[in-house]
2 protein chains.
Amino acid sequence: MTIDSRLSWTQVRDEIRARILNRTYAPGDKLPRDEDLAQELGCARTTVHRAMQDLSLAGLVERKRKGGTHVKADPVTRATFDIPITRREVEQRGSKYGYQLIQRSVELTPPAIMARFGLPKAIKMMRVKALHLSDNRPFILEDRWIDIRSNPEILEVDLTTQSANEWLVLHKPYSRLDLRFYAMNATGEIAKHLDTPDTSAVLVIERTTWIGAEPITTVQAVTTPGYQLSSVR
Amino acid sequence: MTIDSRLSWTQVRDEIRARILNRTYAPGDKLPRDEDLAQELGCARTTVHRAMQDLSLAGLVERKRKGGTHVKADPVTRATFDIPITRREVEQRGSKYGYQLIQRSVELTPPAIMARFGLPKAIKMMRVKALHLSDNRPFILEDRWIDIRSNPEILEVDLTTQSANEWLVLHKPYSRLDLRFYAMNATGEIAKHLDTPDTSAVLVIERTTWIGAEPITTVQAVTTPGYQLSSVR
DNA sequence: AAATTCAATATGTAGCTACATAATAATGTC
DNA sequence: GACATTATTATGTAGCTACATATTGAATTT
């Protein structure tokens, strides 16, 4: 047991956090040097340092060499979100997962897709439209573009049984990710596929990945009405 | 310069990440022990440990004592989002920030609000409706409930000039946060305030905070059509 | 054979030292 | 006084040691 023997860095972190919360150190204030805090709390500087690193990562404080540590004057809310593979998401809710391929083709990228990747000119990419089902009801409709140059193997994959979502996530790691959320009115074809009234509001998750500077894939995942994204922890 | 003298933990992290990306270590695989990796890469175990911690936090690997380190079999996309104070957000886009108080009252919490906080029965809370403007155009409409028990001072604050958003963020730290995003159709009063056509889809950010077990505030922030949230870094 | 105990092992944590690095303050020069 | 140089200082990083802790698997007992 580590009853009162030594302070762990998480305890130190929590203590400093508590002081920030109760305004012992107010927004904009300068915190004591790591070494002084270490002495006051009865631990090593390394321990305070580790605690500070965590607080810095959480966006609570800002550190600068020689400048010292300051409580962020302008606090931002920082939250983490997990986006699992769709199949997993459905199954974790205890529902039956289903999948339907709608379309599979090779097309020239329209300007909107070029913009997502930052491409200077149109190229041919594979386009896959598919519907993910939860208990046989529409769940997420995805419209995906895949760069054939970095993923030639995708041309051989049977996408009627396995979703491109899953294949890519298991076989094509990425080094850069852009995620964005926005709302749109489901109309026309989208409303039809999602089996939802025309113009109903739906949340859209847009996900674009690269490996190095090479585009891999970009998806527009249109969720069904009522879908919520919530932060972890 | 640290040309080839010693490996930094970030270099080690990137090396291991690269190996995961190029399938040297595939999803589900067991990675070598920290100590072996350290020896192979020519650094101390501490350095490998720090690198691994980071990869674990990023959700790329899973570590267990004695069990060793494994590449996550079921990769999730983990992304971080920053939600700044609305005023800051507007100003950072180079626009002029404006603010209008719409309503301020003390009401009994309806079931939806009780549910957000997990309250067993209705209590009186302060309710504030306000509109944030960007270049004199509607930007975000917020409908906020504030627990007067944990925030009695709010009753004295002049909310016609300062937004509750800002006052709370500067004076009322939280220890627990729930953030969620969803889409809705702007109708009636909301559409009117946002000056947008009826039923247009808007992104909603719902943010609920507690200090310890005590509720602080919950907001439903309705953005204007076209608003996007994007991940950091 | 099942259950319990115990040793082995990989990661987790804390402390120490030593040095690197960036930013500021102090100093010196023209 | 303006500018360049140097010293100081707080954080950042790496290495080492020592021990804690969880978990697995083997050994032992019932």
Side-chain angles (χ1 to χ4, degrees), chain A residues 1-17 19-20 24-73 233, chain B residues 1-17 19-20 24-73 233:
Chain A
M1 276 139 275
T2 325
I3 315 173
D4 60 337
S5 42
R6 275 176 299 187
L7 279 178
S8 74
W9 70 269
T10 50
Q11 285 173 290
V12 172
R13 178 199 60 194
D14 292 347
E15 171 61 28
I16 299 170
R17 200 214 316 266
R19 290 187 185 180
I20 293 172
T24 305
Y25 309 131
D29 277 9
K30 183 174 183 171
L31 290 158
R33 305 163 42 210
D34 289 7
E35 209 166 328
D36 293 343
L37 268 172
Q39 196 169 8
E40 186 207 327
L41 300 172
C43 64
R45 180 167 82 87
T46 343
T47 311
V48 175
H49 182 253
R50 230 172 300 185
M52 287 295 196
Q53 286 266 322
D54 198 62
L55 292 171
S56 172
L57 238 146
L60 248 184
V61 302
E62 257 175 344
R63 317 195 83 203
K64 246 196 299 190
R65 278 178 175 160
K66 165 80 181 181
T69 309
H70 288 260
V71 181
K72 263 212 177 164
R233 192 188 336 177
Chain B
M1 276 141 277
T2 325
I3 315 173
D4 59 336
S5 42
R6 274 176 301 186
L7 279 177
S8 73
W9 69 269
T10 48
Q11 286 174 286
V12 172
R13 178 199 59 193
D14 293 347
E15 171 62 27
I16 299 170
R17 202 214 315 267
R19 290 187 186 182
I20 294 173
T24 304
Y25 308 132
D29 277 9
K30 183 173 184 172
L31 289 158
R33 304 163 43 211
D34 289 7
E35 210 165 330
D36 293 342
L37 267 172
Q39 197 169 5
E40 185 206 327
L41 299 172
C43 64
R45 180 167 82 90
T46 345
T47 311
V48 175
H49 178 69
R50 230 173 299 184
M52 286 296 197
Q53 286 267 322
D54 198 61
L55 292 171
S56 172
L57 238 146
L60 249 184
V61 303
E62 258 176 340
R63 316 195 86 205
K64 246 195 301 190
R65 278 178 175 161
K66 167 80 182 179
T69 310
H70 288 260
V71 181
K72 262 209 177 167
R233 196 184 337 170

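In this text the structure is predicted, and so the values were computed from the model without any measurement.
- One can place CZ of B:Arg63 at 4 Å from P of C:dG12, the figure rounded to the nearest angstrom.
- B:Gly68 comes within contact range of the sugar-phosphate backbone alone, with a heavy-atom separation under 4.0 Å but no base atom that close.
- Side-chain proximity of B:Arg65 to the nucleotides D:dC16, C:dA10, D:dT24 is greatest for C:dA10.
- An OP1 or OP2 oxygen of D:dA10 is reached within less than 4.0 angstrom by no side-chain nitrogen or oxygen of A:Thr69.
- Atom C1' of nucleotide C:dG12 and atom CG of B:Leu57 are separated by 14 Å, given to the nearest angstrom.
- Rounding to the nearest 0.5 angstrom, the gap separating the CZ atom in A:Arg33 from the OG1 atom in A:Thr69 is 11.0 Å.
- For the segment residues 25-40 of chain A, the set of residues with a heavy atom within less than 4.0 Å of an atom of DNA chain C is empty.
- Backbone-only engagement by B:Thr47 is indicated by non-hydrogen atom pairs under 4.0 Å involving sugar-phosphate atoms exclusively.
- Look at A:Asp29 and A:Arg19 and you find no salt bridge, because none of the NZ, NE, NH1 or NH2 atoms lies under 4.0 Å from a carboxylate O.
- If you check C:dA10, D:dA10, C:dG15 against the side chain of A:Ala44, the one that comes closest is C:dG15.
- Among the nucleotides D:dT13, C:dT11, D:dC16, the one closest to any side-chain atom of A:His49 is D:dT13.
- In this structure, B:Lys66 places its NZ atom 5 Å from C1' of D:dT24, rounding to the nearest Å.
- Residue B:Arg45 places a side-chain atom within donor-acceptor reach of the base of C:dG12, judged by atom type and a 3.5 Å distance cut-off alone.
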